[in-house]
Amino acid sequence: LFLDIHSITAHGAPSFYLDAPTPDNRAFGEALGPTYALRGWPELYISLGEEGGTLGTAEYAHSKGKTALLIECGQHKAETSVDVAYIAIINTLVYAGLIDGEKQTNTLTEITVKNVFFRKSADDNFVKEWTHLEPVKKGEVLLKEVDGTEISAPSDGYLIMPWRTSPVGDDWLYFGT
């Protein structure tokens, strides 16, 4: 059993990656704490030409037959992120049977990552201060490039890990449904 604990630049709800939706990973995710499960990362990166997608610690553990999840506990500097991480650790220990406690069984909202937007210029901007997992409607303007081009939501969905100050060429915002 492996839990990889992370935080992100944006404020918003905690979530975890469920890219290997085995029955064990799903049960672990339901017991972890956050109710948002993000899927589709390997497929997104393969679609961008990265052979085999990315292989992080949770993916490596899963490739060795282990139950493994990566949790995004919240914004880097938010005190609540520490609380989310602590609760996830306790829930993991309970789930593994290492300590006594009541196992959680949360209903999950699964979001599949569909798009990534890369920052083209340091003068490109968000149209507002977006939060992680903020719902948006099809056609809602998300980003404005320096040349005036507006980037809109391709469908109803969620914004994932918006990074207002990302370096030029880096992932700036993900979109999922």
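Along the sequence shown, residues carry numbers from 1. It should be emphasised that the depicted structure is a prediction, and the values quoted were computed from it without experimental measurement.
Remark: E30 engages no residue in a salt bridge (Lys or Arg N to Asp or Glu O under 4.0 Å) (not counting sequence neighbours). In terms of the side-chain hydrogen bond (donor to acceptor under 3.5 Å, both in side chains) criterion, residue partners of T131 (sequence neighbours excluded) are, by chain and number, E134. K64 pairs by the salt bridge (Lys or Arg N to Asp or Glu O under 4.0 Å) definition with nothing, not counting sequence neighbours. With sequence neighbours excluded, the residues forming a side-chain hydrogen bond (donor to acceptor under 3.5 Å, both in side chains) with D4 are H6, T57, listed by chain and number. For F117, the ring pair (Phe, Tyr, Trp, His ring centres under 6.0 Å) criterion is met by no residue, not counting sequence neighbours.
Sequence neighbours left out, the pairs with a member in residues 151-177 that pass ring-ring contact (aromatic ring centres under 6.0 Å, His included) are W41-Y174, F126-W172. Applying the salt bridge (Lys or Arg N to Asp or Glu O under 4.0 Å) rule to pairs touching residues 93-108 yields nothing, sequence neighbours excluded. Residue pairs that meet the ring-ring contact (aromatic ring centres under 6.0 Å, His included) test with at least one member in residues 79-114, sequence neighbours left out, are F28-Y95. Applying the side chain to side chain donor-acceptor pair (under 3.5 Å) test to residues at least two apart or on different chains, the pairs with a partner in residues 139-149 are K120-E145, D147-T149. Identified under the salt bridge (Lys or Arg N to Asp or Glu O under 4.0 Å) test for residues 65-81, with sequence neighbours left out: none.
Side chain of R164 to backbone of N125: no donor-acceptor contact under 3.5 angstrom is found. Judged by distance alone, with hydrogens and angles left aside, the side-chain atoms of D124 form a donor-acceptor pair with the main-chain N or O of V146 at under 3.5 Å.
Shortest non-hydrogen contact noted between K137 and D156 is CA-OD1, 3.3 Å. In terms of heavy atoms, V94 sits closest to G101 at CG1-O, 3.5 Å.
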Name each donor-acceptor pair under 3.5 Å that joins a side chain in residues 107-116 to protein atoms two or more places apart or in another chain, with its distance.
unit_1: E110; atom_1: OE1; unit_2: R39; atom_2: NH1; d: 3.0
unit_1: E110; atom_1: OE2; unit_2: R26; atom_2: NH1; d: 2.3
unit_1: E110; atom_1: OE2; unit_2: R26; atom_2: NH2; d: 3.4

Distance-only donor-acceptor pairs under 3.5 Å for side chains of residues 9-16, two or more places apart:
unit_1: S15; atom_1: OG; unit_2: H132; atom_2: NE2; d: 3.0

